[in-house]
Amino acid sequence: MPKVLVIGGAGYIGSHVVKELLEGGYDTLVFDDLSTGQEVNLFKEAGFVRGNILDRKALDAVMSQNVDAVVHLAGKKAVGESMENPQKYAENNINGSINILNSMVDNGVKHIVFSSSAAVYGTPQYLPLDEKHPLNPVNFYGFSKMEVENLMEWYSRLKDFNYIALRYFNAVGYAADKSITGREKNPQNLLPIIMEAATGKRDGFAIFGSDYETPDGTCLRDYIHVSDLASAHVAAIHRLMSDKKSYRLNLGTGKAVSVKEIVDATENVIGKRLNYRYAARRPGDPAVVVAKADLAREVLNWRPRYTDIEEIIRTVWNLEL
Ligand code: UFG
């Protein structure tokens, strides 16, 4: 079976990718500096090397071990922080990715699946967002993802190299078999924050904005289960190895769910009321972000299995039971 190097494989999405790769029979090696990734997320069936993507020698040492394909998920992802400290995102997300790409080329590794984001589009000019939508990121995080996509595009033209950039919409949930238990520290995203309130780790939370032009006044997003994201990575590796082409693909469900619907669904799942209040809009939040998600289905021959938001939330709540 092909050997896959998962950079950032101890993180929230990375660990789910590792699980799917192992289940698909891939020889899997994780490279992670454990800065946000967690040791509890490592699978004993996969190899593990602790290292940082800014360390070119450490990267070369793993890349030279007959690696067939790379999955790169080692990015910083706090949107607010990227606006206050762009240097950190330039260094980790852009320089770190250049190191990975150069190490791949120098070691003859030809295929990469890259963890990109819907943040490359910026404020939607039309909906749903298809892959032809102009790229106009409104935060430095999104800019860093766009830059790496563009670098990969040039490398694919100049070298024996192909890539699939997966533009994640809102990743949520945990593997249903509870094999991955590491929760993110200081979560910035809606559902992990709600879960902290549900488990008493925080007193409550705020819904940012109640006066958007949406049916219930709260923002609409496209929430996709992390196991579905993960299985798309395995399909992407398969595609890259059987095809010379490169792709940039949205990974979403195409279904819009409001913040209020997430809160209500969580209350249903946990069987109790949550303590929350309505607060001002969060700067930079578009009212609606939803994917046109057909291209990934076609190119990867893949479908998200989870469509029901309560079922998705249950996979998170089950970790507490
Ligand atoms: N929200 C709240 N209260 C909170 C946290 C979030 O009401 O405490 C709301 C937000 O205002 C937004 C929705 O919940 O309307 C989802 O917010 P998240 O922060 O979970 O996710 P975003 O849609 O803002 O961000 C996601 C990814 C980013 C990516 C971005 C753009 O997490 O990585 O989509 O596509 F950059």
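What you see is a predicted model, and the numbers here were worked out from it, not measured in a lab. Positions are given from 1, in the same order as the sequence printed here. Remember, it's 1-based here, ligands and their atoms both numbered in the order they're listed.
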Hey, are His72 and Ser115 close enough side-chain-wise for a donor-acceptor pair under 3.5 Å? no

Where on Ile262 is there a heavy atom closer than 4.0 Å to ligand 1, on the side chain, on the backbone, on both, or on neither? neither

Given that the side chain starts at C-beta and the backbone is N, CA, C, O, which of these parts of Gln188 lies under 4.0 Å from ligand 1, counting heavy atoms, or is it both or neither? backbone

Nearest protein heavy atom to atom 11 (O) of ligand 1, by residue and atom, and its distance? Asp285 OD2, 2.6 Å

Once you restrict to heavy atoms under 4.0 Å, what part of Ala171 touches ligand 1? Side chain, backbone, both or neither. neither

Regarding Thr253 and Tyr223, do their side chains bring together a donor and an acceptor under 3.5 Å, going by distance alone? no

Which part of Ser117 is near ligand 1, with near meaning a heavy atom under 4.0 Å away: side chain, backbone, both or neither? side chain

among protein heavy atoms, the one nearest atom 16 (C) of ligand 1 is Tyr223 OH, 3.7 Å

Give a yes/no on ligand 1: does Tyr212 have at least one heavy atom closer than 4.0 angstrom to it? no

Consider only side-chain N and O atoms of Ser116 and Glu149, and report whether a donor and an acceptor are under 3.5 Å apart. yes

Number the atoms of ligand 1 from 1 as they appear, then name those within less than 4.0 Å of a heavy atom of Cys219, with their elements. 15 (O)

So, Asp222 versus Tyr168: side-chain donor-acceptor pair below 3.5 Å or not? no

Under a 4.0 angstrom heavy-atom cut-off, which atoms of ligand 1 come close to Ala119? 31 (C), 35 (O), 36 (F)

Side chain, backbone, both or neither: which part of Asn170 has a heavy atom under 4.0 Å from ligand 1? side chain

Check this for me, if you would: do Arg273 and Glu267 make a salt bridge, where the nitrogen-to-carboxylate-oxygen distance has to be below 4.0 angstrom? yes

Where is the nearest protein heavy atom to atom 9 (C) of ligand 1: which residue, which atom, and how far? Val259 CG2, 3.8 Å

Do NZ/NE/NH1/NH2 and the carboxylate oxygens of Lys244 and Asp160 come within less than 4.0 Å? yes

Cut-off 3.5 Å, side chains only: do Arg183 and Tyr12 have a donor facing an acceptor? no

Please confirm whether the ring centroid of Phe140 lies under 6.0 Å from the ring centroid of Tyr89. no

Hey, which atoms in ligand 1 end up nearer than 4.0 Å to a heavy atom of Tyr141? 33 (O), 36 (F)

How does Tyr168 reach ligand 1, if at all, at less than 4.0 Å between non-hydrogen atoms: by side chain, backbone, both, or neither? neither

Please determine whether a side-chain nitrogen of the Lys or Arg among Asp68 and Lys110 lies less than 4.0 Å from a carboxylate oxygen of the Asp or Glu. no

Among all protein heavy atoms, pick the one closest to atom 17 (O) of ligand 1 and tell me residue, atom and distance. Arg282 NH2, 3.4 Å

Considering non-hydrogen atoms of the protein only, which is the closest contact for atom 18 (P) of ligand 1, and what is the distance? Asn189 ND2, 3.4 Å

Atom 3 (N) of ligand 1: closest protein heavy atom, distance to 0.1 Å, is Ala206 O, 2.7 Å

Just wondering, do Lys76 and Ser35 contact through their side chains at under 4.5 Å, heavy atoms? yes

Geometry only, no angles: is Phe208 polar-contacting ligand 1 at N/O separations under 3.5 Å? yes

Considering only non-hydrogen protein atoms, determine which one is nearest to atom 23 (O) of ligand 1 and report residue, atom name and distance to 0.1 Å. Arg221 NE, 2.7 Å

Would you kindly say whether Asp60 and Asn107 are connected by a side-chain donor-acceptor distance under 3.5 Å? yes

Please work out, at 4.0 Å between heavy atoms, whether the side chain, the backbone, both, or neither of Ile193 comes within that distance of ligand 1. side chain

Counting from 1 in the order shown, the ligand 1 atoms closer than 4.0 Å to a non-hydrogen atom of Val79 are 36 (F)

What protein heavy atom is closest to atom 20 (O) of ligand 1, reported as residue, atom name and distance in Å? Leu190 N, 2.8 Å

With a 4.0 Å cut-off on N to O distance, would you call Asp216 and Lys260 a salt bridge? no

